Amino acid sequence: MSTQSFADLGLSEAFLRSVAAQGYDTPTEIQARAIPPLLEGKDLLGTAQTGTGKTAAFTLPLLQRLVADGHASRGGSRGRGQGACRPIALILAPTRELAIQIDESVATYGAGSGVSHLAVFGGASKGGQLSGLRRNPLVLAATPGRLLDFVGERAIDLSGVQTLIIDEADRMLDMGFIPDVRRIAALVENRRQTVLFSATMPRPVEELSRELLGEAERIAVAPEEITIDRIRQSVLHVAREDKPALLPELIRDRNMFRVLVFTRTKHRAARLAKALRKTGIDSDEIHGNRSQNQRQSALERFRSGRVQVLVGTDVAARGIDVDDITHVINYEIPHEAE
């Protein structure tokens with residue numbers, strides 16, 4: 001755990017106030033180690049698990065540099081354009097939930113800064129996203145497929161990107177996005193700051209980092225460094241056929257209030273949520289077969305407490321940011337145990 005304060009990291013007063021407004025006073029390990037070199041404009045390769053504060057670690061220095069370089073405008077937008085949107089910063093995320101979460105972080109920490117932003121992702125109507133692109137936002141958070149769609153339609157021009165951030169690179173690998181990431185990087189200005197974060201570092205991600213990053217700072221926050229002393233973990237050895245009956249029994253007997261359940265497949269997530277509802281447990285589901293509106297609605301219902309259990313695929317795990325979760329259940333061992 002870091003003993004530094006955010007004031008020690010080189011953040012301006014405006015962004016220190018933004019951090020304080022969110023109730024944070026002490027940076028996490030990844031924040032303490034990543035923010036100073038990112039403020040200096042250095043390339044960075046960071047290895048850290050989900051939940052360590054990576055989003056703020058790259059969002060805060062990005063916003064401060066944009067403001068310092070005079071890119072931000074008082075009105076929060078660079079005006080509507082007739083041509084393609086030309087972002088200054090691009091943040092790639094593997095899932096739509098994570099892209100939305102990153103965009104929300106930019107909005108939160110950049111409130112009042114004049115930094116305009118937008119999330120573009122698949123599974124939602126292009127119309128609203130095109131309207132947002134016409135306002136020429138400074139920062140784009142995007143999933144690779146939808147981003148390349150817009151590039152192909154000449155709605156986005158990446159040649160002016162000065163900062164490229166790739167988040168959850170190992171999940172990009174799992175989902176088959178690494179070729180798209182390479183295509184996108186080739187469209188971006190060579191003289192740029194490049195940042196790559198990954199929870200794990202398999203060989204293809206290591207190779208990608210060598211291709212895209214220059215003399216990069218390397219930061220690794222090992223899983224054992226994450227403080228989890230308030231989390232009790234246990235394993236139940238259960239035959240597959242007994243799991244459907246055991247799950248609702250566990251939820252009731254252990255008074256589980258707000259529960260995340262992860263499965264390996266979309267179809268199993270849907271079946272499990274339906275089975276839980278039949279036992280009287282309010283449940284919803286989040287997976288790739290649901291529309292973006294359905295996924296967002298399920299998340300909001302879960303956040304607000306209207307739904308007790310949210311069942312999702314492990315692919316969606318890194319895009320879920322909900323406070324006060326009481327229990328997380330891996331119904332099956334995830335594809336990626338890390």
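Throughout, residue positions are numbered sequentially from 1 according to the sequence presented. From a predicted model like this one, the values you see are computed outputs, not experimental measurements.
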For the backbone of Thr194 and the side chain of Asp43, can you confirm whether one donor and one acceptor N or O come within less than 3.5 Å of each other? yes

Please assess Glu206 against Arg203 for the test salt bridge (Lys or Arg N to Asp or Glu O under 4.0 Å), listing each intermediate value before the final yes or no. CA-CA 5 Å; Glu206 182 72 39; Arg203 182 176 296 177; over 6 Å; no

Using a 6.0 Å cut-off, check whether atom OH of Tyr24 has over 12 heavy atoms from anything other than its own residue. no

If hydrophobic clusters are built from ILVMFWY residues whose side chains come within less than 4.5 Å, do Val311 and Val307 share one? no

Side-chain donor/acceptor of Lys243 to backbone N/O of Tyr331, under 3.5 Å: yes

How about Gln296 and Arg96: does a side-chain donor come under 3.5 Å of a side-chain acceptor? no

Do Glu189 and Arg191 sit within salt-bridge range, that is, some charged N less than 4.0 Å from a carboxylate O? no

Under 6.0 Å from the CZ atom of Arg218, do we count more than 12 heavy atoms belonging to anything else shown? no

Just by distance, do the side chain of Thr326 and the backbone of Arg258 share a donor-acceptor pair under 3.5 Å? yes

Under 3.5 Å donor-acceptor, Glu29 side chain and Val221 backbone: no

Under 6.0 Å from the CD atom of Glu13, do we count more than 12 heavy atoms belonging to anything else shown? no

Hydrophobic clusters here meaning ILVMFWY residues chained together by side-chain heavy-atom distances under 4.5 Å, can you tell me if Val181 and Leu140 are in one? yes

Single hit among Ile219, Leu45, Ile30 for side-chain contact (heavy atoms from CB on, under 4.5 Å) with Phe197: Ile30

Evaluate whether atom CZ of Arg183 has more than 12 neighbouring non-hydrogen atoms of other residues, nucleotides or ligands under 6.0 angstrom away. no

Give a yes-or-no answer on whether the side chains of Asn293 and Ser291 include a donor-acceptor pair shorter than 3.5 Å. no

Run the salt-bridge test on Glu153 and Lys126 with the 4.0 Å N-O cut-off and return the result as yes or no. yes

Looking just at side-chain N and O atoms, do Arg135 and Ser116 make a donor-acceptor pair shorter than 3.5 Å? no

Given the options Thr163, Val195, Val67, Ile88, Leu62 meets side-chain contact (heavy atoms from CB on, under 4.5 Å) only with Thr163

